[in-house]
> 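First the structure, then my questions, so here it is.
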There are 2 protein chains.
Amino acid sequence: MPLSRTVRCICIEISKKRFNPKSLEKLEIIPASQSCQHIEIIATMKKTGEKRCLNPESKAVENLLKAVSKERSKRSP
Amino acid sequence: MPLSRTVRCICIEISKKRFNPKSLEKLEIIPASQSCQHIEIIATMKKTGEKRCLNPESKAVENLLKAVSKERSKRSP
(Lines give C-alpha, C1' and ligand atoms only; values in the text may rest on other atoms or scores of the structure.)
Protein backbone atom coordinates (compact mmCIF):
# COMPACT_ATOMS: atom_id res chain seq x y z
CA MET A 1 0.00 0.00 0.00
CA PRO A 2 1.60 3.29 -1.01
CA LEU A 3 1.84 5.73 1.84
CA SER A 4 1.56 9.43 1.55
CA ARG A 5 4.61 11.26 2.80
CA THR A 6 2.42 13.08 5.29
CA VAL A 7 0.28 10.13 6.20
CA ARG A 8 -0.34 11.23 9.79
CA CYS A 9 -0.92 14.91 9.22
CA ILE A 10 -4.52 15.90 9.71
CA CYS A 11 -4.57 18.74 7.19
CA ILE A 12 -4.56 17.78 3.56
CA GLU A 13 -4.99 21.29 2.32
CA ILE A 14 -4.81 24.72 3.87
CA SER A 15 -7.90 26.89 3.50
CA LYS A 16 -7.22 30.21 1.84
CA LYS A 17 -10.73 31.54 2.42
CA ARG A 18 -10.84 34.61 4.65
CA PHE A 19 -13.26 34.70 7.51
CA ASN A 20 -14.20 36.94 10.38
CA PRO A 21 -12.23 35.89 13.46
CA LYS A 22 -15.45 36.41 15.45
CA SER A 23 -17.02 33.50 13.63
CA LEU A 24 -14.37 31.22 15.07
CA GLU A 25 -15.61 28.78 17.67
CA LYS A 26 -12.20 27.38 18.49
CA LEU A 27 -8.71 26.95 17.23
CA GLU A 28 -6.79 23.71 17.63
CA ILE A 29 -3.02 23.78 17.57
CA ILE A 30 -1.34 20.46 16.97
CA PRO A 31 2.40 20.64 17.56
CA ALA A 32 4.85 19.12 15.11
CA SER A 33 5.64 15.53 16.01
CA GLN A 34 7.21 12.41 14.57
CA SER A 35 4.00 11.66 12.73
CA CYS A 36 3.57 15.11 11.20
CA GLN A 37 6.58 17.32 10.89
CA HIS A 38 4.86 20.66 10.89
CA ILE A 39 2.50 22.40 13.24
CA GLU A 40 -1.18 22.13 12.25
CA ILE A 41 -3.83 24.71 13.02
CA ILE A 42 -7.46 23.77 12.68
CA ALA A 43 -10.28 26.27 13.03
CA THR A 44 -13.84 25.24 13.87
CA MET A 45 -16.52 27.66 12.67
CA LYS A 46 -19.29 28.75 15.03
CA LYS A 47 -22.45 28.32 13.00
CA THR A 48 -21.62 25.46 10.70
CA GLY A 49 -19.16 23.54 12.87
CA GLU A 50 -17.06 23.33 9.72
CA LYS A 51 -13.37 22.62 10.26
CA ARG A 52 -10.70 24.37 8.26
CA CYS A 53 -6.98 23.99 8.26
CA LEU A 54 -5.35 27.38 8.57
CA ASN A 55 -2.10 28.84 7.57
CA PRO A 56 -0.21 29.81 10.73
CA GLU A 57 0.27 33.27 9.22
CA SER A 58 -3.45 33.91 8.66
CA LYS A 59 -5.20 36.88 10.24
CA ALA A 60 -7.40 34.68 12.42
CA VAL A 61 -4.40 32.91 13.88
CA GLU A 62 -2.66 36.22 14.43
CA ASN A 63 -5.69 37.62 16.24
CA LEU A 64 -6.05 34.58 18.43
CA LEU A 65 -2.41 34.69 19.37
CA LYS A 66 -2.77 38.38 20.21
CA ALA A 67 -5.76 37.59 22.39
CA VAL A 68 -3.81 34.91 24.24
CA SER A 69 -0.83 37.22 24.72
CA LYS A 70 -3.14 39.92 26.02
CA GLU A 71 -4.58 37.45 28.51
CA ARG A 72 -1.05 36.43 29.47
CA SER A 73 0.07 39.99 30.13
CA LYS A 74 -3.13 40.76 32.01
CA ARG A 75 -2.51 37.92 34.44
CA SER A 76 1.21 38.37 34.88
CA PRO A 77 2.15 40.95 37.50
CA MET B 1 -32.35 26.13 38.96
CA PRO B 2 -29.41 28.23 40.15
CA LEU B 3 -26.99 29.05 37.38
CA SER B 4 -23.29 29.36 37.74
CA ARG B 5 -21.95 32.73 36.72
CA THR B 6 -19.78 31.00 34.15
CA VAL B 7 -22.36 28.49 33.02
CA ARG B 8 -21.08 28.23 29.47
CA CYS B 9 -17.38 28.18 30.13
CA ILE B 10 -15.83 24.79 29.53
CA CYS B 11 -13.14 25.04 32.17
CA ILE B 12 -14.25 24.71 35.75
CA GLU B 13 -10.77 24.77 37.15
CA ILE B 14 -7.34 25.52 35.79
CA SER B 15 -4.75 22.78 36.13
CA LYS B 16 -1.63 23.87 37.98
CA LYS B 17 0.24 20.64 37.32
CA ARG B 18 3.36 21.11 35.24
CA PHE B 19 3.96 18.87 32.27
CA ASN B 20 6.40 18.40 29.47
CA PRO B 21 5.19 20.35 26.44
CA LYS B 22 6.29 17.35 24.35
CA SER B 23 3.58 15.26 25.94
CA LEU B 24 0.99 17.61 24.52
CA GLU B 25 -1.13 16.15 21.75
CA LYS B 26 -3.00 19.33 21.00
CA LEU B 27 -3.99 22.67 22.40
CA GLU B 28 -7.47 24.09 21.92
CA ILE B 29 -7.97 27.84 22.15
CA ILE B 30 -11.53 28.97 22.65
CA PRO B 31 -11.88 32.71 22.23
CA ALA B 32 -13.85 34.80 24.70
CA SER B 33 -17.48 35.08 23.66
CA GLN B 34 -20.85 36.10 25.01
CA SER B 35 -21.20 32.73 26.69
CA CYS B 36 -17.78 32.74 28.34
CA GLN B 37 -16.07 36.03 28.89
CA HIS B 38 -12.50 34.83 28.98
CA ILE B 39 -10.34 32.86 26.62
CA GLU B 40 -10.08 29.15 27.44
CA ILE B 41 -7.10 26.95 26.69
CA ILE B 42 -7.51 23.20 26.83
CA ALA B 43 -4.59 20.81 26.49
CA THR B 44 -5.04 17.18 25.45
CA MET B 45 -2.30 14.84 26.65
CA LYS B 46 -0.71 12.37 24.23
CA LYS B 47 -0.74 9.08 26.11
CA THR B 48 -3.77 9.36 28.29
CA GLY B 49 -5.96 11.61 26.16
CA GLU B 50 -6.62 13.50 29.37
CA LYS B 51 -7.85 17.07 28.95
CA ARG B 52 -6.60 19.88 31.12
CA CYS B 53 -7.54 23.50 31.25
CA LEU B 54 -4.44 25.62 31.20
CA ASN B 55 -3.52 29.00 32.41
CA PRO B 56 -2.73 31.18 29.38
CA GLU B 57 0.55 32.10 31.08
CA SER B 58 1.73 28.49 31.50
CA LYS B 59 4.99 27.28 29.99
CA ALA B 60 3.25 24.89 27.61
CA VAL B 61 1.10 27.66 26.20
CA GLU B 62 4.15 29.91 25.90
CA ASN B 63 6.05 27.21 24.03
CA LEU B 64 3.20 26.50 21.68
CA LEU B 65 2.80 30.17 20.90
CA LYS B 66 6.52 30.39 20.22
CA ALA B 67 6.29 27.44 17.87
CA VAL B 68 3.44 29.04 15.99
CA SER B 69 5.27 32.36 15.75
CA LYS B 70 8.36 30.54 14.48
CA GLU B 71 6.25 28.88 11.81
CA ARG B 72 4.74 32.25 10.96
CA SER B 73 8.10 33.95 10.54
CA LYS B 74 9.44 30.98 8.54
CA ARG B 75 6.63 31.30 6.01
CA SER B 76 6.51 35.07 5.76
CA PRO B 77 9.00 36.53 3.29
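Quick note on labels: first sequence line is chain A, next is B, and so on, each numbered from 1.
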> Rounded to the nearest 0.5 Å, what separates atom CD in B:Glu25 from atom OG in A:Ser33?
8.5 Å

> Tell me whether A:Gln37 at atom CD has more than 12 heavy atoms from other residues, nucleotides or ligands lying less than 6.0 Å away.
no

> Quick check on B:Ile42 against chain A: is it the side chain, the backbone, both or neither that has a heavy atom closer than 4.5 Å?
neither

> Measure the CD1-NZ distance between B:Ile10 and A:Lys26 for me, rounded to the nearest 0.5 Å.
7.5 Å

